[in-house]
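Labels below follow one simple rule: chain letters A, B, ... track the order of the sequence lines, proteins then strands, and each chain is numbered from 1.
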Amino acid sequence: MVDYISGLNEPQREAVMHGNGPLMIIAGAGSGKTRVLTYRISYLIENGVDPFRILALTFTNKAAGEMRNRIEKVVGTEARNIWMGTFHSVFAKILRIEAKAIGYSSNFSIYDTDDSKSLLRSIIKEMALDDKIYRVNHVFGRISGAKNRLIGPDDYLNNPIIQADDESARMPHIGKIYKQYALRCFAANAMDFDDLLFNTNVLFRDHLDILNKYQHKFQHVMVDEFQDTNVSQYLITRKLAAVHENICVVGDDAQSIYAFRGANIENILNFQRDYGKENVKIVKLEQNYRSTKNIVEAANSIIARNKNQLEKHVFTDNEDGPLIEVIKASSDNEEGRLVASAIFETKMNESLPNNDFAILYRTNAQSRAFEEALRKMSIKYRIIGGLSFYQRKEIKDLIAYLRFTVNQQDEEAFKRIINLPKRGIGDTTVAKISVIAAEKEDSVWEIVAEINKHVTGRAALAIEAFADLIKSFKLLLDQKDAFEVASHIAKASGLLKELYEDKTVEGLARYENVQELLNAIKEFVDNPDNEEKSLGAFLQSVSLLTTADEKEDDGDNDKVTLMTIHAAKGLEFKNIHIVGMEEDLFPSQMMLESRNDLEEERRLFYVAITRAEKRLTMSYAETRYHYGRLKMCEPSRFLMEMDQRYLKLSKLRSAPSRMDFDKPERDRSESTSTGSMSFVRSLAQRTARTQNPQTAASHTPSPDFAPTSTAELAAGQRVEHAKFGFGTVKQVDINGTDRKATIQFETAGEKVLLLSFAKLRVVA
DNA sequence: GCAGCCTACATTTTT
DNA sequence: TGTAGGCTGC
């Protein structure tokens with residue numbers, strides 16, 4: 001037997017060896033949380049608990065998979081039998097088994113956010129509401145928030161406070177939209193992400209026999225990342241654990257970063273209340289094994305500013321390590337170059353692999369400058385998140401076919417594929433079918449079956465042909481595995497053919513992506529871990545993937561990782577760059593405007609800092625292109641908030657900052673130029689010159705072409721455009737946010753241009 | 001019904 | 001800056 005107990009510290013051991021009864025582990029960053037959780041599960045199994053009777057809920061499928069592997073190393077193959085996965089995937093599984101009880105059939109579809117929003121868009125249109133007032137994002141947010149607090153459509157309509165809220169926001173009909181949305185999802189035999197939790201609650205509330213079955217089945221319930229669970233999730237676990245009361249939650253209130261989607265830190269307080277203070281065992285893991293002292297203490301200096309938090313003191317016995325470096329760049333592109341050179345330099349000096357580095361940013365849109373800079377320096381990188389494989393049009397198209405083949409009630413899939421490839425069924429006809437279906441509270445498929453009652457002529461024939469096609473696919477479901485069905489559908493639907501005939505570069509890439517999807521299905525079928533190999537099983541696994549779950553595009557793991565801070569939760573890297581440290585960007589202006597929760601932004605910063613093991617670098621830019629507009633930026637208040645003793649302003653890589661770092665004199669004297677610096681600087685200059693190679697279309701811009709702000713652009717001015725060359729401004733029109741200029745070019749004639757700063761420069 | 005142009009518009013994080 | 005949705009002309 002593996003001796004894993006002796007290597008643990010005292011609180012870790014307590015947590016691992018705690019037997020029955022509620023247990024709450026408050027685990028500071030880097031305190032060995034995953035280790036404790038895996039050992040605890042191993043310990044339970046070794047002490048006679050049947051793995052089938054352990055339910056472990058994690059935040060991502062990847063976390064679940066890793067934990068399973070680690071447990072397997074201790075207890076062997078038995079680990080495979082543990083019920084482990086994300087809330088959404090585990091309860092989707094249970095809902096499939098018990099679907100009948102709540103009026104669904106087990107082949108229900110899972111609507112992703114795009115499907116939900118598209119359905120809402122149709123409903124708002126059908127109800128003749130103004131989509132400028134009823135903005136889809138807002139409506140969706142309201143509905144999602146309600147579901148996460150277990151407020152169904154009728155409760156929503158009958159709740160005077162909610163109604164008053166909507167009235168004052170001048171959107172009194174959100175309740176009606178919600179109701180219609182719920183009806184349509186139900187008619188479509190579809191659940192959105194929130195429904196997977198909401199309906200599990202309904203299932204357990206209305207069917208005590210079913211609840212009872214699972215209550216007895218699960219002898220132990222574990223919840224990882226407890227701080228990020230919402231009320232709906234918490235209630236499910238509470239119900240499931242009500243019989244044995246063997247519930248173990250692990251979390252860190254300081255790392256709660258999902259309040260925006262309903263996560264509720266109060267769950268941590270409720271936990272004690274619900275199980276009785278005297279019954280709950282609380283273990284605090286406060287020793288950090290991951291990071292240097294400087295990093296741990298700098299992180300502490302940030303989080304100490306938050307008022308709402310549990311008492312806890314994270315400390316480390318690790319060495320001090322280097323100070324945290326701050327880089328100032330003049331623009332977002334320069335920030336990209338400086339960060340890429342810094343990575344290059346560290347990598348060379350210390351002979352480190354690429355995968356020791358990560359670049360963390362607040363928003364996905366920030367990745368561009370870093371991608372460019374890394375590419376130019378031939379440093380391999382990968383991006384987590386952003387537009388993922390499964391969000392690509394061609395992939396969603398095929399998946400919609402697969403979904404509709406499995407579940408013909410799926411209205412959103414229907415709308416996507418009914419006229420794809422083009423078969424002469426226009427928007428008018430599709431909208432008509434939707435409306436009739438909604439009126440009769442039937443699914444679209446029922447209407448399609450009797451299409452001749454509603455539609456005549458060419459469209460009717462086309463729809464009949466479509467229905468026959470789907471029926472022919474459906475026949476295959478019981479005879480063939482997911483891969484065979486999917487390949488047949490890709491060919492017979494005409495999707496592959498259409499892409500194959502598109503010989504453009506993009507068309508080729510799309511064709512390959514579809515092949516790649518088919519490969520993924522093949523892998524799914526061939527994977528012995530998957531008990532069920534049906535198309536439905538594959539679709540479920542795919543629709544609940546998280547961004548962190550995306551598989552490597554190739555076998556090469558030695559890459560710099562670029563991702564949002566949210567995506568970095570639970571990961572660690574030797575060297576971390578936190579970039580875009582500017583006011584309004586991080587902390588995000590949006591967040592401050594909409595929810596005014598500076599503390600959550602600060603926790604996010606805390607998460608980012610504590611990902612670093614050895615070296616942490618932060619950077620900010622003084623100017624940034626924001627939706628094509630040049631924006632002046634101030635350094636983030638978070639830079640000021642951090643205890644300045646841990647910071648080192650990098651004068652090596654930029655001009656002196658206006659920021660007053662108030663540093664001790666000895667630190668300043670260190671910041672003089674070095675040999676490696678001149679290397680970095682020349683590298684930075686070299687990459688600067690090779691920028692924008694694609695602008696040479698019909699005009700070669702002047703060698704020093706650098707876009708200037710066109711804010712002061714006026715008639716009569718002489719300008720240079722990156723593509724059209726030199727010219728004179730004839731007229732400038734400002735209309736709302738759009739700025740247009742009529743310019744007479746010397747060689748390209750007169751043009752009216754939507755002003756794009758990146759391409760235009762005022763000639764002095 | 002469809003393609004292509006134009007215009008207006010929205011920009012946080014993700015199961 | 002990108003893109004989604006509207007509009008126009010076939």
Worksheet item: What nucleotide among B:dT11, B:dT15, B:dG1 has an atom nearest to a side-chain atom of A:Thr428?
Response: B:dG1

Worksheet item: When we call it a touch if two heavy atoms are under 4.0 Å apart, what does A:Arg624 touch: a base, just sugar-phosphate, or nothing?
Response: nothing

Worksheet item: Is the A:Phe87-A:Tyr234 ring centre distance short of 6.0 angstrom?
Response: no

Item to complete: Specify the separation, in whole Å, of atom CZ of A:Arg368 and atom P of C:dT1.
Response: 10 Å

Item to complete: Examine B:dT11: is either OP1 or OP2 under 4.0 Å from a nitrogen or oxygen in the side chain of A:Asn137? Give yes or no.
Response: yes

Practice prompt. Would you mind classifying the nucleic acid contact of A:Tyr258 as base, sugar-phosphate or nothing, using non-hydrogen atoms under 4.0 angstrom?
Written response: sugar-phosphate

Worksheet item: Just how far, in rounded Å, is P of B:dT12 from NE2 of A:His626?
Response: 8 Å

Worksheet item: Roughly how far apart, to the nearest Å, are C:dG5 and B:dT12 at atom C1'?
Response: 24 Å

Worksheet item: On DNA chain B, nearest-nucleotide positions of A:Lys117 versus A:Met590: which is more 5'?
Response: A:Met590

Fill in: Side-chain-base donor-acceptor pair under 3.5 Å for A:Thr113 and B:dT15
yes

Practice prompt. Measure from CZ on A:Arg416 to P on C:dA4 and round the result to the nearest Å.
Written response: 11 Å

Worksheet item: Is a side-chain donor-acceptor pair under 3.5 Å present for A:Ser636 with A:Glu582?
Response: no

Item to complete: Using whole Å, report how far CD of A:Glu225 lies from C1' of B:dT15.
Response: 13 Å

Item to complete: Just jot down the salt bridge (charged side-chain N to carboxylate O under 4.0 Å, His left out) partners of A:Glu641, sequence neighbours excluded, or say none.
Response: A:Arg602

Fill in: Whole-Å distance separating the CG atom of A:Asp194 from the P atom of B:dT15
13 Å

Item to complete: Select one nucleotide: of B:dT15, B:dT12, B:dA10, the one nearest the side-chain heavy atoms of A:His88.
Response: B:dT15

Worksheet item: Taking the inter-plane angle between the rings of A:Phe524 and A:Phe538 on a 0 to 90° scale, is it parallel (under 30°), tilted (30 to 60°) or perpendicular (over 60°)?
Response: perpendicular

Worksheet item: Rounded to the nearest Å, what distance is computed from the CD atom of residue A:Glu582 to the C1' atom of nucleotide B:dT12?
Response: 15 Å

Response to the item:
Looking only at C:dG6, B:dA10, B:dT14, the nucleotide nearest the A:Thr564 side chain is B:dT14

Worksheet entry | Nucleotide B:dT15, atom P - distance to NZ of A:Lys569 in whole Å | 10 Å

Discussion item. Looking only at the side chains, is there a donor atom on one of A:Asn230 and A:Asn148 sitting less than 3.5 Å from an acceptor on the other?
Written reply: yes

Worksheet item: A:Phe260 stacking on B:dT13: centroids under 5.5 Å, ring planes under 30°?
Response: yes

Discussion item. If you assign each of A:Phe193 and A:Thr429 to its closest nucleotide in DNA chain B, which residue comes earlier from the 5' end?
Written reply: A:Thr429

Worksheet item: Side-chain donor-acceptor pair under 3.5 Å between A:Arg142 and A:Asn137, yes or no?
Response: no

Discussion item. Could you check, using the six-membered ring where one of them is a Trp, whether A:His566 and A:Tyr361 have ring centers closer than 6.0 angstrom?
Written reply: no

Discussion item. It should be established whether A:Ser588 places a side-chain nitrogen or oxygen under 4.0 Å from OP1 or OP2 of nucleotide B:dT13.
Written reply: no

Item to complete: Taking side-chain contact (heavy atoms from CB on, under 4.5 Å) as the test, write out the residues that go with A:Ile236, two or more places apart.
Response: A:Phe91, A:Leu197, A:Thr200, A:Asn201, A:Phe204, A:Leu240

Discussion item. Could you tell me how far apart A:Ile383 (CD1) and B:dT13 (P) are, to the nearest whole angstrom?
Written reply: 13 Å

Can you name the atoms? Protein N/O to nucleotides 2-6 of chain B N/O, anything below 3.5 Å, with the distance.
{"from": "B:dC2", "atom 1": "OP1", "to": "A:Gly424", "atom 2": "N", "distance (Å)": "3.4"}
{"from": "B:dC2", "atom 1": "OP2", "to": "A:Asn419", "atom 2": "ND2", "distance (Å)": "3.0"}

